[in-house]
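Everything below concerns the one structure shown next.
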Amino acid sequence: MKKLLSTLLALAMLAGSLLTLASCGGRTQTDISGAGSVADLAGTYISAQSGTYHEIARTQIPNVKGQVYADFDALLAALKSGAIDGYIAEEPTAFVNCRKDPSLGYLKFTNNENGFTATADDTAIAVGCKKGSPLVEKINAVLATLTDAQKSALMEEMFTLRSGGSVDGYSVKNDAPEHPTGTLKIAMECAYDPFNWTQTTADGGAVPISGANGAGLYANGYDVQIAKYIANALGMTLEVYAVDWDSLINGVEAGTYDAIVAGMSPTEERREKLDFSTPYYSSNLVVIYKK
């Protein structure tokens with residue numbers, strides 16, 4: 001009997017171990033915190049958001065394993081569950097997420113050095129418009145009035161906001177037109193912190209989210225403040241729409257939205273479908289991991 005009980009106990013413990021492994025995708029998470037280059041990630045489970053340049057950059061990791069996910073919430077859940085060892089993000093996104101959650105860290109790679117090989121367009125961020133749209137030239141004229149110092153300062157202000165701090169005023173700002181001459185409909189995910197996110201109040205100069213997905217919610221972030229600056233400068237009223245990443249380009253091509261301001265890179269593939277403004281931000285690609 002004693003031997004039988006010991007056997008049953010061992011089986012129960014084994015079952016518990018298997019259950020834990022199953023919850024982590026049936027694997028043991030690899031510690032990648034010491035990786036000094038992309039090559040050091042060989043054979044690990046590194047993911048990315050589907051439909052982004054991050055997904056393409058991921059293939060530069062030798063023998064990379066795992067799958068891609070639809071959005072950053074899913075990526076974070078997969079990382080915390082142990083299903084993946086890390087995921088690719090823009091450095092501002094990694095910085096904010098790691099500041100909010102001390103259990104996370106990120107590998108501070110530098111593009112084309114120890115990091116991912118990428119062109120300037122691959123890691124730049126620009127406004128996307130329908131092919132042939134005269135809006136591109138107008139947006140470029142507005143963006144040309146901003147200095148690199150202003151754009152960098154605006155990102156720092158987004159960091160402060162997402163860390164629970166307050167900002168008296170933004171480095172990129174102008175007055176709304178007294179008599180708007182039209183409406184500028186902008187599409188973004190409203191889920192790509194610190195470029196764009198969703199909140200429940202108008203605090204911090206947030207903009208109401210229009211359409212069925214709005215439901216009394218507001219959008220804020222680096223992209224939102226850039227979009228607001230552009231709309232004000234063009235004498236237009238800004239409308240922000242929350243749109244799934246995979247539907248952004250189709251929405252602009254169909255004329256549902258005037259432009260995409262969503263942390264989108266003007267990659268060669270996207271230029272086949274859209275015309276892009278000059279970049280309004282550029283960043284390194286890094287990898288977020290669980291400590």
Looking only at side-chain N and O atoms, does [Y] offer a donor or acceptor that is under 3.5 Å from a partner on [X]?
X	Y	answer
S33	D31	yes
N250	S247	no
Q67	S47	no

Does anything in [range] pair up under ring-ring contact (aromatic ring centres under 6.0 Å, His included), and if so which pairs, sequence neighbours excluded?
range	answer
residues 133-154	none
residues 201-238	Y222-Y281
residues 130-164	F95-F159

Check side-chain hydrogen bond (donor to acceptor under 3.5 Å, both in side chains) between [X] and all other residues, then give those that pass, not counting sequence neighbours.
X	value
D244	none
T181	none
N112	none
D246	none

Can you name the salt bridge (charged side-chain N to carboxylate O under 4.0 Å, His left out) partners of [X], sequence neighbours left out?
X	answer
K173	none
D148	K151
K273	none
D71	none

Validate the cation-pi geometry between K108 and Y106: distance from NZ or CZ to the six-membered ring centre under 6.0 Å, angle to the ring axis within 45°.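 Yes, K108 sits over the ring of Y106.
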Is Q150 atom CD crowded by more than 12 heavy atoms from other residues, nucleotides or ligands, each under 6.0 Å away?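 Counting other residues, nucleotides and ligands, CD of Q150 exceeds 12 neighbours.
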Is the count of non-hydrogen atoms from other residues, nucleotides or ligands lying under 6.0 Å from D175 atom CG greater than 12?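 Check fails, neighbour count at 12 or below.
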Please determine if [X] and [Y] form a salt bridge, counting it only when a charged side-chain N lies under 4.0 Å from a carboxylate O.
X	Y	answer
D193	K100	yes
D101	K290	no
D275	K131	yes

Interatomic spacing from NE2 in H54 to OG1 in T123 - rounded to 0.5 Å: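 Atom-to-atom, H54:NE2 and T123:OG1 are 9.0 Å apart.
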Going hydrophobic residue to hydrophobic residue with side-chain gaps under 4.5 angstrom, can you get from Y45 over to I56?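 No, no single cluster joins them.
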If you link I, L, V, M, F, W and Y whenever their side-chain heavy atoms are under 4.5 Å apart, who else ends up in the same group as W245?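 Same cluster as W245: Y241, V243, L248, I249, V252, Y257, I260, M264, L274, F276.
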Is the side chain of Q225 donor-acceptor paired with the backbone N or O of V172 at a distance under 3.5 Å, no angle test?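 Checking the backbone N and O of V172 against the side chain of Q225, no donor-acceptor pair under 3.5 Å is found.
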Please evaluate residues N284 and E90 with respect to the criterion side-chain hydrogen bond (donor to acceptor under 3.5 Å, both in side chains), reporting the C-alpha separation (whole Å), side-chain torsions for both, the decisive distance (0.1 Å), and the verdict. CA-CA 6 Å; N284 283 312; E90 303 287 343; over 6 Å; no
